[in-house]
Amino acid sequence: AGAGAGAGAGAYPCLWPFADVKGRPCEDFCVLQHSNRRHDNYNSCCRICVITLAEAHPLLQNGKTIKSINYQISPNCSRLQNKVSGKSKRGAQFLTELAPLCRISSTDGEEYTIYSCIRGRLIEVNENILSNPAILQEKPSTEGYIAVVLPKFEESKSITQGLLTQKEYEEVLLKRHNSSSRS
């Protein structure tokens, strides 16, 4: 089991939604960080981040069925080729905030690109969703995670800047609901 596999939602209490990624309405993701209070009285989160779909993402809405998940980002870049070794995570692919992690196609013909949302090293991708894509929809914040990313140490405290708090995300969802019910 990898860093994200089998981790219960309770193990990742710092949840940072990221709404309308790259200006695409409702294509929301979450960055889950493990809370580590033992090392810091100020409740800072540790560095490991798990990238998941947010509750409002179109793939998690009723009627969507996942057809395929592809970690091949370009002809020369596959996230499955990411080979990490050692304590310093040598060989890990470096990701920018808008680096694509994978592409997910649904049976209705839609394709969604899933982005990193944060800068850091790609520690692992969740290969389990390749053979069991339904788990991505059934348990998006636990066994259905997309990838695990490790931010640079010096950036680890600032990675949540630009991400929403849970309360701010709920306000975004409410605004969306209100504007769609007026249409």
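No hydrogens, no waters, no symmetry mates; every other heavy atom, side chains included, goes into these values.
Here the NZ atom belonging to K83 is positioned 6.0 Å from the CD atom belonging to Q81, to the nearest 0.5 angstrom. Between atom CG of residue L32 and atom CD1 of residue I48 there is a gap of 11.5 Å, rounded to the nearest 0.5 Å. Atom OG1 of T52 is separated from atom NZ of K139 by 15.0 Å, given to the nearest 0.5 angstrom. Here CG of N70 is found 12.0 Å from CD1 of I114. Values are rounded to the nearest 0.5 Å.
Between D28 and A56 the shortest heavy-atom distance is OD2-CB, 3.7 Å. Of all heavy-atom pairs between P133 and I69, the closest is CB-CD1, 3.9 Å. The two atoms that bring C77 and R79 nearest to each other are SG-NH1, 3.5 Å, heavy atoms only. Closest approach of P58 to Y112, counting heavy atoms only: CB-OH, 3.5 Å. Closest heavy-atom contact between A147 and L101: CB-CD1, 4.0 Å. Across L60 and A54, no two heavy atoms sit closer than the pair CD1-O, 3.2 Å.
Between H57 and F29, the ring-plane angle classifies as tilted under the 30° and 60° cut-offs.
No path of Ile, Leu, Val, Met, Phe, Trp and Tyr side chains, each step under 4.5 Å between heavy atoms, connects V84 with L80, placing them in separate hydrophobic clusters. In the hydrophobic clustering of ILVMFWY residues, with side-chain heavy atoms under 4.5 Å counting as a link, I73 and L53 come out apart.
D108 and S106 share a side-chain donor-acceptor pair at under 3.5 Å. In summary, the side chains of R121 and Q93 do not present any donor paired with an acceptor at a separation below 3.5 Å, with no hydrogens or angles considered.
At a threshold of 4.5 Å between non-hydrogen side-chain atoms, the residues I104 and E111 do not count as touching. Residues I123 and V149 form no side-chain contact, since every pair of their non-hydrogen atoms from C-beta on lies 4.5 Å or further apart. Under the 4.5 Å side-chain criterion, counting only non-hydrogen atoms from C-beta, S116 is not in contact with L98. For the pair N128 and I135, the minimum side-chain heavy-atom distance is 4.5 Å or more. Counting heavy atoms from C-beta outward, Y145 and P140 have side chains that stay 4.5 Å or more apart.
Proximity of a side-chain donor or acceptor of E143 to a complementary backbone N or O of L136 within less than 3.5 Å is not detected. In this structure, R103 contributes its side chain and S68 its backbone to no donor-acceptor pair below 3.5 Å. A distance-only check finds a donor-acceptor pair linking the side chain of Y71 to the backbone of N126 [under 3.5 Å]. Side-chain N or O atoms of N82 include one that pairs as donor or acceptor with a backbone N or O of L122 at under 3.5 Å. Between the side chain of Q137 and the backbone N or O of K64, at least one donor-acceptor pair lies under 3.5 Å.
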Start with the C-alpha distance between V125 and I146, add both sets of side-chain angles, then the distance that settles side-chain contact (heavy atoms from CB on, under 4.5 Å), and finish with yes or no. CA-CA 6 Å; V125 295; I146 304 293; over 6 Å; no
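Under a 4.0 Å N-O distance rule, the pair K167/E171 qualifies as a salt bridge.
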